[in-house]
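Residue numbers start from 1 in every chain, and the chains themselves are labelled A, B, ... in the order their sequence lines are given, proteins ahead of strands.
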2 protein chains.
Amino acid sequence: MVLLVRAPAKSRERWQLPWRSLRPGETIDDEAAKLARKSLGTAPSLVEQVAAFGDKRRHPSGAELSVAFLALVDEETGEGVVGDAMWHAVEDLPPLPPRQRAMLEGVVTSLRSRLDQSPIAFHLLPSIFTLTQLQEIYELLLGRRLHKASFRRSLHAAWLVEPTDEWRSEGRGRPAQLFRYAPKKRRSGRRGVRFGA
Amino acid sequence: MVLLVRAPAKSRERWQLPWRSLRPGETIDDEAAKLARKSLGTAPSLVEQVAAFGDKRRHPSGAELSVAFLALVDEETGEGVVGDAMWHAVEDLPPLPPRQRAMLEGVVTSLRSRLDQSPIAFHLLPSIFTLTQLQEIYELLLGRRLHKASFRRSLHAAWLVEPTDEWRSEGRGRPAQLFRYAPKKRRSGRRGVRFGA
DNA sequence: TCAATAGTGTCTGTTAGACATTATGGA
DNA sequence: TCCATAATGTCTAACAGACACTATTGA
C-alpha cells in the first residue's frame, strides 16, 4: 500500500505523493525523515533514498529536481495515519502527477531488487510475527510463490529470526509460533556468480 | 580507474570529479551524458544515475544538492581522454572535496552490488574480448578470485556471449578465443531466496 | 623439450524445490 | 470425527568449487 495525500483543489489529479521543498541549510535525509513523520503521524521504521528525478515531467512543486525516498511502516502502525492521507493499493492507484508516477515506479522496483540484500521485509511486519506472515510479505514483494520448507531452511541458515515462547492461533489449523527479527552476527561469502538479466 | 580533472588553483584539493551545474530547462540525464562526453572526449558506453547527495559536506559547486552519475568506458577508449583530465587508481586517490569523496564511494559500492544484475562488466571491455579478460574484470570489481571452470559454466548457461572466429595469442601459452557480448534469451526465473546481509 | 596459458571432464558438497508425513488446533 | 494449517524429514536435480586432464602456443 502507498500513502497518498489529497492534492489542492486546482490540481488536475486528486492525489499526490507526500512531498516538501528542500529548505536551504537542511539535508535531504533530514527533510525526508521529517516529511515521513508528519505524513504518518509516527516515525517510520525505515527511511531510505532511492533516486533523483530531473526530467521534464511535471511535479506539483514545480522543482527542476526531485529526490524520491522510501519509508516503510508495518500494517498495524500504518492504520494510525493522520490528516487527509490515505493508503492506496499499489496495483490500483488513482492518477498521479507524471513525475510522481515515475518516482513511485522507481521506488517499487528498487524495493523488489534489494529485497535479498536488505532486511526490508521485516520493516513491514510488527515486531512479533509468524513465519507464514513473513513469507507472505516476501511473496507479495517478489510477485511469486515461494516454497514453504525451502523458505524456512534458508531463513534458518541466515540466522535472521529467533523464536519466542508465544504461539498464535489464526482460525482453523495448528497455531503458529511467533518469531522476532534478531540477526546474529555472521556474514557468509555468497557462493558463485549470478549473471542476471 | 577514475577520471579526475584539475581543480582551480585556489581550491584546497588539487583534483575533482568532473561536474557541472544543472541548467534550467535541462534534464539531469542529458546534462550527465554531455558532461561525460566532454570529459572523455568520446561517448561512454554507459551512463547511469546512482544517488543524490544533499548533506552538509562541501561540494565545489556550492550546490545544496548533487546527483552522482556513473559513466563507463573500456580501457582502450579511456586512453583517449582530452584536456586536463587524468585517470587515477580507485585504491590510491588524491584528496577530493568531501561530498565528492562520498559520491565516489557510493558509485563504487553501487557498481559492485549491481554487478550480478546488470551486464556492467561488458562496458569495461572492448567489443571483442577473451573470457580471461572478462573474468579479470569480474574479479577486480568483486574483489575476490573466481573459479575458472565454474565462471565459464555460468556464463555459458546465461547465454551472454558468443564466440567469434578470431583467436588472440597473449605471450606464452595457448591462444584464447575471442568473444563478443551477445545476450540471447531473457533470464529464467532465479531459484531460491537469498537472505543476504 | 619445457613452461605457460586456454579450455574441459568428472567428482563432491550444498541447496532449492517436490513430496510426503507428522503435529495440533478448530469446527 | 474431519479439516485446515504448521512444521519437518527425505529425495532429487541443479550447480558451485576442487581437481585433474588435454590442447596449443612461445621460449
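The distance from atom CG of A:Leu131 to atom P of D:dT5 is 16 Å, rounded to the nearest whole Å. Regarding B:Glu170, its CD atom lies at a distance of 13 Å from the C1' atom of D:dG26, rounded to whole Å. Following rounding to the nearest Å, A:Leu155 (CG) and D:dA7 (P) show an atom-to-atom distance of 12 Å. The distance from atom CD of A:Gln133 to atom P of D:dA6 is 10 Å, rounded to the nearest whole Å. One interatomic measurement links the two molecules: CH2 of A:Trp167 to P of C:dT24, which rounds to 8 Å at whole-angstrom precision. To the nearest angstrom, P of D:dG17 lies 12 Å from CD of B:Glu139. Remark: P of C:dA16 and NE2 of A:His156 are 13 Å apart, rounded to the nearest angstrom. Put simply, CZ on A:Phe151 is 14 Å from C1' on D:dA6, counting in whole angstrom units.
Residue B:Gln177 is in sugar-phosphate contact alone, with no base atom involved, counting any heavy-atom pair closer than 4.0 Å across all strands shown. Within 4.0 Å of A:Ser154, counting heavy atoms only, lie sugar-phosphate atoms of the nucleic acid but no base atom.
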Residues A:Glu166, A:Arg168; criterion salt bridge (charged side-chain N to carboxylate O under 4.0 Å, His left out); working and verdict: CA-CA 7 Å; A:Glu166 298 175 64; A:Arg168 178 189 295 160; over 6 Å; no
Between A:Arg114 and A:Glu48, does the salt bridge (charged side-chain N to carboxylate O under 4.0 Å, His left out) criterion hold? Intermediate values first, please. CA-CA 12 Å; A:Arg114 288 177 312 163; A:Glu48 230 173 36; 2.9 Å; yes
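Rounding to the nearest 0.5 Å gives a distance of 12.5 Å between CD of A:Gln100 and CD of A:Glu105.
In this structure, B:Thr132 reaches the C:dA6 phosphate: one of its side-chain N or O atoms is under 4.0 Å from OP1 or OP2.
Remark on DNA chain C: of its neighbouring residues B:Arg172 and A:Pro175, the 5'-side contact belongs to B:Arg172, judged by nearest-heavy-atom nucleotide. Heavy-atom distances to DNA chain C give each of A:Arg174 and B:Val193 a nearest nucleotide, and the one nearer the 5′ end belongs to B:Val193.
Using a 4.0 Å cut-off between charged nitrogen and carboxylate oxygen, B:Glu13 and B:Arg58 count as a salt-bridge pair. B:Arg144 has no carboxylate O lying under 4.0 Å from a charged side-chain N of B:Glu139, or vice versa, which leaves the two without a salt bridge.
Between B:Phe151 and B:Tyr138, the distance separating the two ring centers is shorter than 6.0 angstrom.
Note: A:Phe122 and A:Tyr181 have parallel aromatic rings, judged against thresholds of 30 and 60 degrees for the angle between ring planes.
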So which protein nitrogen or oxygen atoms get under 3.5 Å of nucleotides 8-13 of chain D's nitrogens or oxygens?
residue	atom	partner	partner atom	Å
D:dT10	O4	A:Arg153	NH1	3.4

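Closest to the side chain of B:Ser150, out of D:dA16, D:dT25, C:dA23, is D:dA16.
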